[in-house]
Every structure is written in C-alpha cells, then in structure tokens.
Amino acid sequence: MAHICGRHTERDLEDALVAHLIRFLTEPGVGFAFVGRQYPVVVGDSEYRIDLLFYHCKLRCYRDSFAVHRPSGRW
C-alpha cells in the first residue's frame, strides 16, 4: 500500500488511490469488468452475497472475488 506522508495535494491522493485500484482490478488478469459488490444470489431458500463480482469480457463468463460467502443474516 502506498504511504502518503506529510503534505500532499488532492492529485497525489487521487494518483495513489487509482494506482491501487488498477493493481487490484488487473490482478486476476486482463479483460475483467467490474459488475458489482454484495451481489445477491439466491440458492434454494438461502440468499448469498458475492463480495465482488467481475465479468470476463473475452471468455464471456462471471467470476467472483474468491471471497468466503455466507448466507445473509447468518454467520
């Protein structure tokens, strides 16, 4: 994570945030588009939430964020 110490401009902060976002979003590979966060999925009588959902444009398929999912309202 970038460390911004002392005085900095709004542009410095924006550049640091964008650099982290780009690194995070390109980590799984090229061609992914962000679909949403806390995306609801119903399986039977249980509702689950996908933390981060991506769509692979070239492969035409969805991919989650590899997170641990839990039924809504229960842990």
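Both backbone and side-chain heavy atoms feed into the values below; hydrogens, waters and symmetry mates do not. Position 1 is the first residue of the sequence, and the numbers go up from there.
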Point-to-point distance, once rounded to the nearest 0.5 Å, from CZ of Phe32 to SG of Cys57: 9.0 Å

Distance (rounded to the nearest 0.5 Å) between Tyr62 OH and Tyr39 OH: 6.0 Å

Shared hydrophobic cluster for Val41 and Tyr55 (ILVMFWY, side-chain gaps under 4.5 Å): yes

Heavy-atom side-chain proximity of Leu17 to Leu13 below 4.5 angstrom: yes

CD/Gln38: more than 12 non-hydrogen atoms of other groups inside 6.0 Å: yes

Closest non-hydrogen atom pair between Val43 and Tyr48, with its separation: CB-CE1, 3.9 Å

Whether Asp15 side chain and Asp12 backbone form a donor-acceptor pair below 3.5 Å: no

